[in-house]
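I have placed the structure first, in the form of structure tokens, so that the comments after it can refer back to it.
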There are 2 protein chains.
Amino acid sequence: MARIKTDDKNLSRKDVIVTKAASLFREKGFKAASMRDLAEAVGVEAASLYNHIKSKTELLHDLCFNVANRFMHKIDEIEAEPISAIEKIEKLLRFHITEMIEHYEEVYVSDREWKHLEDPYLSNFQNQRRLYRKRFAAIIEAGIRQKEVKEIDAPTAVLIMLHAITGIESWHRSTQKISAEALEDNMITILVGGLTNR
Amino acid sequence: MARIKTDDKNLSRKDVIVTKAASLFREKGFKAASMRDLAEAVGVEAASLYNHIKSKTELLHDLCFNVANRFMHKIDEIEAEPISAIEKIEKLLRFHITEMIEHYEEVYVSDREWKHLEDPYLSNFQNQRRLYRKRFAAIIEAGIRQKEVKEIDAPTAVLIMLHAITGIESWHRSTQKISAEALEDNMITILVGGLTNR
DNA sequence: AAAGGTTGCTAACATACGTTAGTTAATTAT
DNA sequence: ATAATTAACTAACGTATGTTAGCAACCTTT
């Protein structure tokens, strides 16, 4: 009888399922990925998954909110630091970039598939998202007031930054990648360079 | 008996269906949007759609290749112009931006949902996409050689540009938009500003 | 070794989906 | 006015999907 392997200790079977789900949802999209696909990836029959999870949407829910919470904590932390606006922006961007490099399946799924959440989680997620962007924009606006940053529309700048970073997905799948460090530095050069005055 | 309205002349009934499909696929995603949803949006029964189209995937196919062709023609045109690399980049970006502003449902769907195409169209689309990015990167590399552009990794720059532009989708749906012109100029300022030497 | 809990299996359900067949209504051409 | 064509309808088929029920095998604790 097949069993779900949790080779690395401290991993629950649910963790294994959630991780495989991230990979599958990233590859096929949430709707197109079936529970039978997931079961096969996990090495078990579809019905057996339900010993560990409540529903398919719960998987998406877990993925989305895990990611969202990580970003929320990071922006809390950065806002509180006594550094310049440009430094805050760079720190936040670097966090986004490394998150996308290291946990890209989860981050990608959270970013692209949250539409398939169901209320009340959907509204909740959308609110968090809006709030996060507002806080990011506020940092940029502070930078503009202090003349560190060009006179641009802050919400537009946030859109550009956040979407630019999802481009890392293509890097991840490309065959001849530059190194992760080089990627990060290139992105910072272009993005922060585009904001900075002088 | 309900009929599909093609109020503006020169619109075939299929055109009406394709347009509504773009809107629906954008809103729900290709897989989550059903033919019955589409039929309702068009004002007709699901089976009736098949008097005008071959299949659901044909709709996606039409959307994706219409968009891809427009971009391919534009890059043909721009490559041939006797202008500097930076000017070429700016022209191409402005084209992307206005396409995204004016036909955003189609462009968005083409960008996000092409994964659900079926071979041979899938491979075909992927090839076109790769080729387009290579040509874009080549323009940037020419700019680097002529010292117009910072010494960055060109493929990374392409990723950033293209993905940044999909952020316009959020602008489109936001309630308090800045004007389309202001959006375009802001994006150019940040993106081209991030590339330019000095 | 027995008992209890956990995790797997098979079978099946209800539902939703894309699509086809066959038919009728509406429009266009003769 | 009649015939031919186009475009709609109803009904249904086959398949895939998320999920549940009931039972068997495994592991852990005593």
Side-chain angles (χ1 to χ4, degrees), chain A residues 1-22 24-25 27-63 109 113 115-119 121-122, chain B residues 1-22 24-25 27-63 109 113 115-119 121-122:
Chain A
M1 218 174 214
R3 301 207 96 209
I4 298 178
K5 296 175 207 157
T6 65
D7 4 65
D8 299 317
K9 62 195 159 201
N10 287 2
L11 274 187
S12 70
R13 284 168 171 49
K14 177 168 173 180
D15 291 336
V16 175
I17 295 171
V18 172
T19 304
K20 290 277 188 194
L24 216 74
F25 294 170
E27 189 189 330
K28 305 189 152 199
F30 176 74
K31 275 283 174 184
S34 77
M35 294 303 279
R36 285 166 177 87
D37 290 339
L38 178 56
E40 192 180 351
V42 168
V44 102
E45 293 299 316
S48 307
L49 297 171
Y50 289 83
N51 287 317
H52 307 282
I53 61 163
K54 262 179 42 243
S55 66
K56 188 186 182 187
T57 5
E58 189 205 17
L59 291 169
L60 183 60
H61 173 266
D62 280 12
L63 286 166
V109 168
E113 305 293 334
K115 281 187 189 182
H116 300 105
L117 288 170
E118 291 159 7
D119 266 326
Y121 302 112
L122 176 58
Chain B
M1 218 175 212
R3 301 206 98 210
I4 298 178
K5 296 175 208 156
T6 65
D7 2 67
D8 299 318
K9 62 193 158 203
N10 287 2
L11 274 188
S12 70
R13 288 180 215 289
K14 177 168 173 180
D15 291 336
V16 174
I17 294 171
V18 172
T19 304
K20 290 278 186 192
L24 215 75
F25 294 169
E27 187 191 331
K28 305 189 152 198
F30 176 74
K31 275 283 175 183
S34 75
M35 294 305 278
R36 285 165 177 88
D37 290 338
L38 178 55
E40 191 180 352
V42 169
V44 101
E45 292 299 316
S48 307
L49 297 172
Y50 289 84
N51 287 316
H52 308 282
I53 62 164
K54 263 182 37 247
S55 66
K56 188 186 182 187
T57 4
E58 190 207 15
L59 291 169
L60 184 60
H61 173 267
D62 280 12
L63 287 167
V109 168
E113 305 293 335
K115 281 187 188 181
H116 300 104
L117 288 170
E118 291 159 7
D119 265 327
Y121 302 112
L122 177 58

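Convention: sequence-line order gives letters A, B, ...; per-chain numbering from 1.
Val44(A) pairs with exactly one of Val16(A), Leu49(A), Leu38(A) by the side-chain contact (heavy atoms from CB on, under 4.5 Å) rule, that one being Leu49(A).
Put simply, NZ on Lys56(A) is 15 Å from P on dA16(D), counting in whole angstrom units. With rounding to whole Å, Arg13(B) atom CZ is found 12 Å from dT28(C) atom C1'. A straight line from CD of Glu45(A) to C1' of dG22(D) spans 16 Å, rounded to a whole angstrom.
No side-chain donor from either of Asn51(B) and Ser48(B) sits under 3.5 Å from a side-chain acceptor of the other.
Put simply, the side chain of Leu59(B) reaches to within 4.5 Å of the side chain of Phe25(B), judged on heavy atoms. In this structure, the side chains of Leu117(B) and His61(B) come closer than 4.5 Å at one or more pairs of heavy atoms. You'll find the side chain of Lys14(B) reaches within 4.5 Å of the side chain of Glu58(B), heavy atoms only.
Distance CG/Leu60(B) to OH/Tyr121(B): 12.0 Å, rounded to 0.5 Å.
Listed by residue number, the members of residues 48-55 of chain A with any heavy atom below 4.0 angstrom from DNA chain D are Tyr50(A), Ser55(A). Of the residues in residues 30-44 of chain B, those lying under 4.0 Å from DNA chain D by heavy-atom distance are Arg36(B), Val44(B).
Of all heavy-atom pairs between Leu122(B) and Lys115(B), the closest is CD1-O, 4.2 Å.
Note that Lys56(A) lies in the cation-pi zone of Phe30(A), set by a 6.0 Å cut-off to the ring centre and a 45° limit from the axis.
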